[in-house]
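As structure tokens, the structure follows; a few thoughts come after it.
Side chains are part of it too, since the values below use all heavy atoms of this structure and drop only hydrogens, waters and symmetry mates. From a predicted model like this one, the values you see are computed outputs, not experimental measurements. Every chain is numbered from 1 and lettered A, B, ... according to where its sequence line falls, protein lines coming before strand lines.
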Number of protein chains: 2
Amino acid sequence: MNKVKPREANNPTAVDVTDLILHDIQTGVLAPGSWLKQIDLEQRYQCTRPEVRRALDRLAQRRLVEHVPNRGYHVYEPDGRQASEVSEIRILLEAGVADKIAANASEPDVEALRDLASRFDALILEGTPIELYEANLAFHHRLLSLCGNTELVNLVTEIRQRTSSAPVSQWKTRARIEQSSREHHQMIDAVAAGDGATLKEAIARHIRQD
Amino acid sequence: MNKVKPREANNPTAVDVTDLILHDIQTGVLAPGSWLKQIDLEQRYQCTRPEVRRALDRLAQRRLVEHVPNRGYHVYEPDGRQASEVSEIRILLEAGVADKIAANASEPDVEALRDLASRFDALILEGTPIELYEANLAFHHRLLSLCGNTELVNLVTEIRQRTSSAPVSQWKTRARIEQSSREHHQMIDAVAAGDGATLKEAIARHIRQD
DNA sequence: TTATCATAAATTGGCGCCAATTTTGGATAT
DNA sequence: ATATCCAAAATTGGCGCCAATTTATGATAA
């Protein structure tokens, strides 16, 4: 069984190029509306042409970029109507499982949520907008996971990406961020109290003003 | 070096190969679990290798097929847990906009729904399972469209594809199909009466036993 | 100076080849 | 007869070339 495979040092590409581009879109490095030239991406991410093309096709499927035949791909610009429609969807889903979340949450779960909320709070002062954005994402992901429906969690994660093209610029004011922080703690309190109805209201309010 | 470009009669491919494969998966022609060899698809749909690969990658993104590196792609086998989780999602979304549907529906809308429901009824006796399946889809699509949230309609359409891999075999008994028919009419009556609460109940029941 | 058009440069996107890996089939030894 | 192993065939998947189309450039005429 001595299949001597040289196994060269050639596997630093554990992550897909798609994720790299996705990340740069979400952090605003690749601005909404800008054209994504294949040559640029090829050099920027040190990958081959087919890889770039596959990534762009995947992102187009997820509607994070738009494809114009013979013209190329450009980052989707956030659409007002679309954004509010997605918000409505998120409210239906995330608020819809509020009672499940309140029912399933154990003591350590609540602790974990408090930690994540605290991390968000700390980053308000000392973190970059990107770190803040990701901390917020982590909190909501953890909270939603308690509903027990993994398909739903994945779906929300997916449609969330679909609109927050330039998430960094989304939270304009400091006041708004601190309001978000307060709401996080309200949600946690409702979870700790096992109060599904209150949690549902808190989630709905939180999503509406995001 | 004379590259003779015959320009054969080769342009009936206005539709993407992805949709063709998708259709064949949904109608059960390509059975769940079966391996999709690239050569076979290439010949079956009269297209090139790269086209097949792109289509398979897209379907893998939508999780209609699964990709095993160096082994190929095979049709996803329906998973019990996953199916019930998707049902729950559909209930949250479709029942969640019941009041919107009831509020927005005009007289001609109701008429159109009655026509679609009737077409479904007619196909119970004279149609193929596939036709029945598509008539059912058309009815639900039309009904849901009344909510006014196009993002939500698209999303439901998408996640619906995700689980009903072998939709034909899904409605086992005649009794169940006729039950579905009755529920369709119940929903329409609720819409016509502008009764959102009753509609919500009817939709939830209908999805649960699908 | 400004508009129009032709030519050149750049970009996209289709297609096929070939290496890497896996599967199949059969021969050999126990 | 059965298991093991090796070789051949089949399949996947990465990569690059080149044609088609679009965009940029510059020259010419009004």
Does B/Glu151 pair with A/Arg63 as a salt bridge, N-O distance under 4.0 Å?
-> yes

Mind checking whether B/His74 and B/His67 have ring centres under 6.0 Å apart?
-> no

Between D/dG13, C/dG13, D/dT12, which one does the side chain of A/Asn70 approach most closely?
-> C/dG13

Decide salt bridge (Lys or Arg N to Asp or Glu O under 4.0 Å) for B/Arg182 and B/Glu178; before the verdict, give the C-alpha distance in whole Å, the side-chain angles of both, and the deciding distance to 0.1 Å.
-> CA-CA 6 Å; B/Arg182 275 191 296 276; B/Glu178 289 174 345; 5.1 Å; no

Side chain of A/Ile39 (C-beta onward), nearest among D/dC15, C/dG16, C/dT11 = C/dT11

Using only heavy-atom distances, decide whether a donor-acceptor pair under 3.5 angstrom links the side-chain of B/Arg53 to the base of D/dG13.
-> yes

A/Glu51 has its side chain closest, among D/dG13, D/dT11, D/dC15, to D/dC15

Nearest listed nucleotide, side chain of B/Gln38, among D/dT12, C/dG16, C/dG13 | D/dT12

Nearest to the side chain of A/Tyr73 - C/dG16, D/dC15, C/dG13?
-> C/dG13

Thinking salt bridges, do A/Lys100 and B/Glu88 make one under a 4.0 Å N-O criterion?
-> yes

Phosphate OP1/OP2 of D/dG14 contacted by A/Thr48 side-chain N/O (<4.0 Å) | no

Side-chain contact check for A/Arg71: nearest option of C/dC15, C/dT21, D/dT22 is D/dT22

